[in-house]
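Chain identifiers are assigned alphabetically (A, B, ...) following the order of the sequence lines, protein sequences preceding nucleic acid strands; residue numbering begins at 1 within each chain.
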There are 2 protein chains.
Amino acid sequence: MKIGKLSTSVGLDIQTLRYYEIQGLLNEPKRLDNGYRDYPENAITRLQFVKKAKLVGFTLKEIKELLAIQVTKDEHTCQEVKVFTQAKLQEIETKINELSSIKNALEKIHTSCCGGNETAAHCSILSALES
Amino acid sequence: MKIGKLSTSVGLDIQTLRYYEIQGLLNEPKRLDNGYRDYPENAITRLQFVKKAKLVGFTLKEIKELLAIQVTKDEHTCQEVKVFTQAKLQEIETKINELSSIKNALEKIHTSCCGGNETAAHCSILSALES
DNA sequence: ATTGACCCTGTAGTATGCTTTAGGGTTTAA
DNA sequence: TTAAACCCTAAAGCATACTACAGGGTCAAT
């Protein structure tokens, strides 16, 4: 798959894909005879993951680390992988909790702050978070 | 409360607090006779919210919007607030779902990818996400 | 054979969110 | 009274993550 196709498939700019390659998030694909990049199908999966992880606040560096998780004889032992994943799981748990509390507050505003179309006071997110 | 105290209370640099003030995330506090900023207690709550919202991938601009939610005679009707909160709730739901799927994948890696301390293959996050 | 839609590299520019520096005034305790 | 710890503004610098040139080659259809 050439870069234009991949770009539209995942909704990321061509320049961004080349940037991700430089940053090590996307493996260097093999090239066609004319020098064009030729991506395998699974590049789509990889980039979809990158997009999702970015959405929830991970940096490209963190995403690269997540994508690099693997157990290999030379580089990463099971133990190392376990320590890393455990730490990431903790981070994710925290993120989910923060999101849940913001969600709660917004729901409170959404459902009980306005009866009809009239105005009302004290409908801020901070007061909704408190109670 | 002076800026140094607020800074240590919330774990944000003094310069960052002044930056947030310029960006409109933190209300301009009243000043002491010497010109020093004098923050009310609730600045802490506000900044804690900013930190949490940042953690889960909201931009400062989005956080400012969340903090600005209110129903006032002149500016925002209940209807407008409801539309906005509904959209944000949808975003948050999406984020929680993405986090849950990443969490699932990491848990799979953490619990079943390594039996002991030996090496193993196919322990990547992408393969964990697939199944 | 030439036009439009692709692709390439390399470099510069931009937006966001800080962080540092420069230069200076204030407060408090020894 | 002086030195450390605090505060101020204004402006420059920096890291991250793109985004937009500039200049050029490739391909497919007319």
Problem set entry | Phosphate OP1/OP2 of dC8(C) contacted by Asn34(A) side-chain N/O (<4.0 Å) | no
For this session: Mind checking Leu32(B) for me? I need base, sugar-phosphate or nothing, with any heavy atom below 4.0 Å counting as a touch.
Result: nothing
For this session: Select one nucleotide: of dT19(D), dG25(C), dG17(C), the one nearest the side-chain heavy atoms of Thr16(A).
Result: dT19(D)
For this session: Determine the contact category for Ile14(A): base if any of its heavy atoms lies under 4.0 Å from a base atom, sugar-phosphate if only primed atoms, P, OP1 or OP2 are that close, otherwise nothing.
Result: sugar-phosphate
Exercise. Between dT19(D), dC18(D), dG17(C), which one does the side chain of Tyr19(B) approach most closely?
Worked result: dG17(C)
Seminar exercise, completed: With the side chain defined as heavy atoms from C-beta on, Tyr20(B) is closest, among dT9(D), dC7(D), dC18(C), to dC18(C)
Exercise. Where each residue is assigned the nucleotide of DNA chain C containing its nearest heavy atom, which of Gly35(A) and Asp33(B) is assigned the position nearer the 5′ end?
Worked result: Gly35(A)
For this session: Decide yes or no on side-chain contact (heavy atoms from CB on, under 4.5 Å) for Leu55(A) and Thr94(B), but give the supporting numbers first.
Result: CA-CA 9 Å; Leu55(A) 185 75; Thr94(B) 303; 4.0 Å; yes
For this session: For the pair Lys108(B) (side chain) and Leu129(B) (backbone), establish whether a donor and an acceptor sit closer than 3.5 Å, ignoring hydrogens and angles.
Result: no
Problem set entry | Out of dC21(D), dA17(D), dT21(C), whichever nucleotide has its closest atom nearest the side chain of Gln15(A) | dC21(D)
Exercise. For dC7(D), does either OP1 or OP2 sit under 4.0 Å from a side-chain N or O belonging to Arg37(B)?
Worked result: no
For this session: Would you kindly give the CD-to-P distance between Glu62(B) and dA15(C), to the nearest whole Å?
Result: 18 Å
Problem set entry | Spacing between Leu6(B) atom CG and dC8(D) atom P, to the nearest angstrom | 11 Å
Exercise. What closest approach, in Å, do Glu21(B) and Pro29(B) show between heavy atoms, and which atom pair accounts for it?
Worked result: OE1-CD, 3.5 Å
Exercise. Between Phe58(A) and Lys95(A), is there a cation-pi geometry (under 6.0 Å to ring centre, at most 45° from the normal)?
Worked result: yes
Exercise. Which of the following nucleotides, dT26(C), dC18(C), dT9(C), is nearest to the side chain of Leu60(B)?
Worked result: dC18(C)
Exercise. Can you tell me how far P of dC18(C) sits from CG of Asp13(B), to the nearest Å?
Worked result: 10 Å
Exercise. In whole angstrom, what separates Ile22(A)'s CD1 from dA15(D)'s P?
Worked result: 18 Å
Exercise. In whole angstrom, what separates Phe58(B)'s CZ from dT16(C)'s P?
Worked result: 17 Å
For this session: May I ask you to decide if Ile69(A)'s main-chain N or O and Ser124(B)'s side chain share a donor-acceptor pair within less than 3.5 Å?
Result: no
For this session: Rounded to the nearest angstrom, tell me the gap between atom CD in Glu21(A) and atom P in dA17(D).
Result: 17 Å
For this session: Ignoring backbone atoms, establish whether Lys5(A) has a side-chain N or O less than 4.0 Å from OP1 or OP2 of dC6(C).
Result: no
Exercise. In whole angstroms, how far is the C1' atom of dC6(D) from the CG atom of Leu17(B)?
Worked result: 15 Å
For this session: Could you check whether Arg18(A) gets within reach of a base, just the sugar-phosphate, or nothing at all, counting any heavy atom under 4.0 Å?
Result: base
